[in-house]
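In listed order, ligands and their atoms are each counted from 1.
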Amino acid sequence: MSNLDLNYPASYYAASANVHPEYPRLEGDIDCDVCIIGAGYTGLSAALHLLERGVDVVVLEQARVGWGASGRNGGQIVNSYSRDIDVIERTAGNRIAEQLGAMAFEGGRIIRELVERYSIQCDLKDGGVFAALNGKQMTELEHQKALWERYGYDKLELLDANGIGGVVASKRYVGGMLDHGGGHIHPLNLALGEAEAVRKLGGQIFERSEAIAISREEQPIVVTKGGSVRAKTLVIAGNAYLGGLVPELKAKSMPCGTQVIATEPLGDDLAKALIPQDYCIEDCNYLLDYYRLSADKRLLYGGGVVYGARDPQDIERLVRPKMLKTFPQLEAVKIEYRWTGNFLMTLSRLPQVGMLDDNILYSQGCSGHGVTYTHLAGRLLSERILGDSKRFDAFAALKHYPFPGGHLLQAPFSAIGAWYYSMRDRLGV
Ligand SMILES: Cc1cc2nc3c(=O)[nH]c(=O)nc-3n(C[C@H](O)[C@H](O)[C@H](O)COP(=O)(O)OP(=O)(O)OC[C@H]3O[C@@H](n4cnc5c(N)ncnc54)[C@H](O)[C@@H]3O)c2cc1C
């Protein structure tokens, strides 16, 4: 059993969440077609795709809907994957790359479809910018544009020094690339809206119902403190918060923390001066900064990867200097919220998708860029459960690398960083 605080963290998102119900705890033993562990985007998207096809679904959440990364993230709708399609071409071959490339822009479309179909109020805005800090990164963006266009995507626009100056009032950048198919959302309200849609379609969500054991039988049984769910199929979507429930999944991934701060409301004039078109922005560093305006004109600024930074002052000390480096003009602006969240890193930085048994499926480890991928993952999981495995199998064909050393490597990220980078370079991934 975990010792996690099961309430929402004191984030800007929790403070501005739409009115939402508290879902019951699971009490007693029930049966269903598909049981899903985790009410983040992966689990909720899978649930919605299944419910839309008449499948009977139960979602078990140890805390609250969107309590994990899905309700804490930067809210940036970023297309493709944490490693781009050229890396997949090199490591998995052209056939798999073609299949994954064809799906690289689908997650963003799924989000927009769900928002529209279920009238989800989540402050959806179009347009995301990749900002280059130097000439090398600008060249990489040119390469990325050509790559994505090769896979049929035509919503990109390169920005020169002048162009980037027109979308973000920071002197740090030499150029950038605007993705008109990117954008941003209030992440927790997206998750809450998806949960509400699950409920309306007849799905059952149980909060504060941690899966504490899985009995792998012909029909898997998931045990919680108050009851159990027997299902024809089980989907594991606990990602970075799954802990040790499934040792095989823990062994090949590593939770990493990243932190976000939210300023006080800046007012219309200052907000418009900073990011005139209200795009979201991320820079091109490996340990990137990501930021955007909220609907009430705060700057939400995230950055860095520090395993397990939990103390609020610590978070502000880590992230505020990054914000001021980008926007020195915000020196006098107060920080009103700070929070941390965990995403799940894999060695290849590509998602891990697969089956534990014939009737237990999982998807995890989108390594930092998961808002779009997780929505795609939900669709792929549902396709596989409904008997069409082609696209699921394309992801499942990606190689999974273990994190050798087990618990040792659950140590602070910084301590293993050197090893991680050298390993990644040696693998050429
Ligand atoms: C601070 C932060 C900023 C980020 N910013 C961005 C961004 O701007 N753009 C982007 O694309 N990606 C971003 N990401 C990554 C993105 O948020 C994640 O990839 C994505 O939300 C993962 O969704 P998920 O459903 O797989 O996992 P989660 O949202 O973490 O959901 C997993 C759920 O499973 C539950 N769970 C786990 N174990 C159990 C159990 N045993 N029983 C019951 N329930 C269980 C957890 O409580 C949790 O609610 C960010 C991540 C963080 C942490």
Ligand 1 to [X] polar contact by distance, N or O atoms, under 3.5 Å:
{"X": "N73", "answer": "yes"}
{"X": "E61", "answer": "yes"}
{"X": "A211", "answer": "yes"}
{"X": "L245", "answer": "no"}
{"X": "G368", "answer": "yes"}
{"X": "G74", "answer": "yes"}

Which ligand 1 atoms are under 4.0 Å away from a heavy-atom of N239? 22 (C), 26 (O), 27 (O)
Does the ring center of W67 lie less than 6.0 Å from the ring center of Y241? yes
Please confirm whether Y279 and F130 have ring centers closer than 6.0 angstrom. no
Against ligand 1, does G302 come closer than 4.0 Å with any heavy atom? no
May I ask you to identify the nearest protein heavy atom to atom 34 (O) of ligand 1, giving residue, atom name and distance to one decimal place in Å? G38 CA, 3.2 Å
Is it the side chain, the backbone, both or neither of N342 that has a heavy atom closer than 4.0 Å to ligand 1? backbone
